[in-house]
Amino acid sequence: MANPSRQAVNFAAPRGFGTAFKADCKQTFFPDDPFHEMKHEKPLNKLKKTIQYFIPLFEWLPNYNLRLFRYDLLAGITITSLAIPQGISYAKLANIPPIYGLYSSFIPPFVYAIFGSSKHLAVGTVAACSLLLSETVGAKASPQDDPTLYLHLIFTATFFTGIFQTALGFLRLGILVDFLSHSTITGFMGGTAIIICLQQLKGIFGLVHFTTHTDVVSVLGAVFRRRNEWRWESAVVGIIFLAFLQFTRYLVGELKKGLNPPSIQYLNFDPQYLPVTVRAGLITGLIAMAEGIAIGRSFAIMKSEQTDGNKEMIAFGFMNIIGSFTSCYLTTGPFSKTAVNFNAGCRTAMSNVVMGFCMMLTLLFLAPLFRYTPLVALSAIIMSAMLGLINYDEMIHLFKVDKFDFVICMAAFLGVSFISMDVGLMLSVGLALLRALLYVARPAACKLGKIPNSSLYRDAEQYPGSTPIQGALVLQLGSPIYFANSTYIRERVLRYIKEEQGVSDSKTDIIEHLLLDLSGVSSIDMTGIETFLELRRILDSKGIKLSIVNPRIEVLEKMTLAKFTDAIGKESFYLSIEDAVQNCRFSLHSSKTTMEESLNDQNVV
C-alpha cells in the first residue's frame, strides 16, 4: 500500500525530438538567451536591437557625449604612448620589421571599437603570441635567410587566426576557450615570460650570434658559449634601462613614414606552407582569444559589468582578418595596455578609436623621428614588461588550495621554459582534460542522512550529526550517467550497500530500500539505463527495493522511452527524498505488522 500523502511525479509524455533538440541547442549555444527581451517587440524595434546586439557600437554610440569623450581622449593618448614602444618591441620578438608593430596598433583598434563588447579592453600585439608565431613559422621559413617569405607567412597565419576566431564566435563555441583553464594560462604566461626574458640576453650582452631555440637550456648555453662576444658597455646600458624604464619612451630601427600598405596579395596558400600557417594560426588564435576574453572579463567585473565572450571572439576575428589584409600581424587584448586604459579612466571603446587616430598621426608624421636608439633599449623594455607576467602569488595560492591545479600550472610553466611553447601548452591542457575525464568517469556520490529537527537530507560525511534512515539507504549521484561511468556507479552503489550492511549489528536493521537521488544527474544514455536495470536485478536478489528520487526531465524522458519506468513501476519514483523516506517507513511498518500477525497466527495454531 502506498503512502496516501506523497506528491506525484509528473510522467508527462516525452517531448518530440525537434523540441528537445531545440532546447538542448539553446542551452548549449545561447545560455544567456540574448533574444528573450526581443520576443514581444515590434518588428522595427526587434531589428534595431538585433543590430545593436551584433554590432555593439550602435548600442553605446547614440548615448555618447563630450563628458565621456574627455575620459576616453586621455585614456587613448595614454595607451598610445605605451603602444608605440610595445608594438616595436613585440615586432622584434616576432622577427618582423618594427614598423609592422605600429601598423598593428592602427587598424585593429577601429575594428574592435565597432564589434567589441568590452569598455576597457585596449587592443594590440602581445609578447607570448609574437614569440610563438616566430617559433612556429620560423621552423619553416627563416626570418634571416628569407625575410619576405617569412613576413608573408606571418600575415597568412594571422588570416587563419581571424577565420578561426570568427568561426568560433558565430558558431558560439566559446566553450572551447574554457579548456584553457586559469591554471594553464597562469603557467603558460609565466613560462613565456621566462623564455622571453632570456631571449633578451642577446641584446643585453650585445651578442652577434645566438640560438634559434627558445628553451632555457639552449638559450643559456648559447649565452655562455659566446662569452667572447659579451660587451660590458651594452650590459651596463641594459641594466640602466631596465632599472629606470619609466623614464624611457624610445624607439629603434628603420621606421618609414606612411600608413599601412595592403598585404592581401601577400597571403601565401602554397600547400608547402599551409600546414605551418594553419597550425600557427590556430594555436596562437586560441591563446590570444583566451587571454583577451579573460582580461576583458576581469576588468568588467571590477565595474560590475559584463562582456560577451562570443562577441569578443567575432571582434578579435575581424581584427585579425582585416589586419592580415593591411600589413598587421596577430592582435588581441594585452593585459598591460588594458590595465593602463582602465586606470586612465576610459569609459567606452572610443579610447581605442583615439589610439587609432594617434597611431595614424605617428605613422604619418612622427615615425621617421624615432630611429637610432640602441637595441638594448628594446630588450630592457621587453624584460620589464615580462617580469610582471610571472604571477608568483597566484602559483603559491594554487599550491595551497588545489595541488592538481598547481601541477597543471607547473606543467605549462616548466614545459614552456624547458621544452617549447606548444609542448608546454599541450601538456597542461592534457592534464586539465585528464582531470575533467576523471571527474566524469569517477563521479561523486554520497550517502545522505537526515538533519535533526528538519526535513533536510545532507551528506552524512559532511554532517556527522545527521541520522541514518532505518531500513533504507539514501544515495545521491551528482553527474551525468553514461557509458564511461556506469560500471563505476553500479560498483560504488553495491559497495555502499555492503558497507552499510557490514556495520549493522541487528537483523532488524538490514537494508530493504535503496533510494537514488538523481537531482544532480543532468542526462543519461542507454548504457546508464541498462546499468540501472542490472542493478535492480541484483537488488531484487538481495531483497532490496530500488526507488528513484526527483529525476530531471531529460533523464525521466529517456527512462520513459526506454520502458525503464514500466520495468520498475511508476510507484517507485518520488518527487522528494522525504516522500520516499515516508513511503519506506510506511512500507516497513506494514511489512512488520504483517509479519507479527503471521507469527501470532502460527502461535495460535
Side-chain angles (χ1 to χ4, degrees), residues 87-101 103-104 125-162 164 188 191-203 207-223 225-226 253 263 266-288 320 323-324 327-332 375 378-379 382 386 415-426:
I88 296 175
S89 301
Y90 295 160
K92 171 182 173 288
L93 280 178
N95 280 318
I96 58 177
I99 191 65
Y100 292 97
Y103 289 159
S104 300
T125 55
V126 289
C129 292
S130 298
L131 185 62
L132 188 54
L133 274 174
S134 172
E135 183 181 288
T136 309
V137 177
K140 189 68 176 179
S142 171
Q144 289 79 30
D145 299 337
D146 197 344
T148 302
L149 173 62
Y150 175 81
L151 181 61
H152 294 175
L153 294 183
I154 291 290
F155 291 151
T156 309
T158 302
F159 173 76
F160 283 122
T161 291
F164 173 61
F188 178 79
T192 302
I194 292 291
I195 62 175
I196 289 176
C197 285
L198 291 177
Q199 289 278 323
Q200 305 320 303
L201 293 178
K202 176 185 178 182
L207 300 178
V208 178
H209 302 92
F210 205 63
T211 179
T212 57
H213 298 289
T214 59
D215 61 282
V216 171
V217 176
S218 298
V219 172
L220 291 180
V223 170
R225 279 196 304 271
R226 304 289 181 180
S263 58
Y266 299 137
L267 298 183
N268 191 324
F269 301 109
D270 189 325
Q272 178 183 356
Y273 304 110
L274 205 56
V276 72
T277 53
V278 170
R279 177 167 168 258
L282 295 185
I283 295 176
T284 55
L286 189 60
I287 295 170
N320 288 307
S324 69
S327 297
C328 303
Y329 79 105
L330 189 145
T331 52
T332 183
L375 188 63
L378 286 182
S379 297
I382 294 173
M386 290 303 100
V416 168
S417 299
F418 289 94
I419 306 176
S420 67
M421 297 178 75
D422 50 353
V423 170
L425 186 64
M426 287 188 291

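One is the number of the first residue; the rest follow in order along the sequence. All heavy atoms count here, side chains included; hydrogens, waters and symmetry mates do not.
Contact of the Tyr150 side chain with the Asn95 side chain is registered, since non-hydrogen atoms from C-beta on lie closer than 4.5 Å. At least one side-chain heavy atom of Leu132 sits under 4.5 Å from a side-chain heavy atom of Ile283. For the pair Val216 and Ile194, the minimum side-chain heavy-atom distance is below 4.5 Å.
The two residues Ser104 and Cys328 have their closest heavy-atom pair at OG-CA, 3.4 Å. The two atoms that bring Ala91 and Pro98 nearest to each other are CB-CA, 3.9 Å, heavy atoms only. When every heavy atom of Thr284 is checked against every heavy atom of Gly281, the shortest pair comes out as OG1-O, 3.5 Å. Here the shortest heavy-atom pairing between Ala141 and Leu149 reads CB-CD2, 3.9 Å.
Judged by distance alone, with hydrogens and angles left aside, the side-chain atoms of Ser263 form a donor-acceptor pair with the main-chain N or O of Ser327 at under 3.5 Å. With Thr277 contributing its side chain and Tyr273 its backbone, the two residues share a donor-acceptor pair below 3.5 Å.
The closest side-chain donor-acceptor pair between Tyr266 and Thr148, if any, does not fall under 3.5 angstrom.
By the ring pair (Phe, Tyr, Trp, His ring centres under 6.0 Å) test, Phe155 is found to be paired with Tyr100, residues two or more places apart in sequence or in another chain being considered.
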Audit row: Phe159, Phe164, side chain to side chain contact (heavy atoms under 4.5 Å, CB included) steps and yes/no: CA-CA 9 Å; Phe159 173 76; Phe164 173 61; over 6 Å; no

List the steps and the verdict of side chain to side chain contact (heavy atoms under 4.5 Å, CB included) for Cys129 and Ile287. CA-CA 7 Å; Cys129 292; Ile287 295 170; 4.2 Å; yes

CA sep, side-chain torsions, deciding dist, call: Thr125, Leu330, side chain to side chain contact (heavy atoms under 4.5 Å, CB included): CA-CA 6 Å; Thr125 55; Leu330 189 145; over 6 Å; no

Show, in sequence, the C-alpha distance, side-chain angles and deciding distance for Val278 and Leu282, and conclude whether the side chain to side chain contact (heavy atoms under 4.5 Å, CB included) test is met. CA-CA 6 Å; Val278 170; Leu282 295 185; 4.0 Å; yes

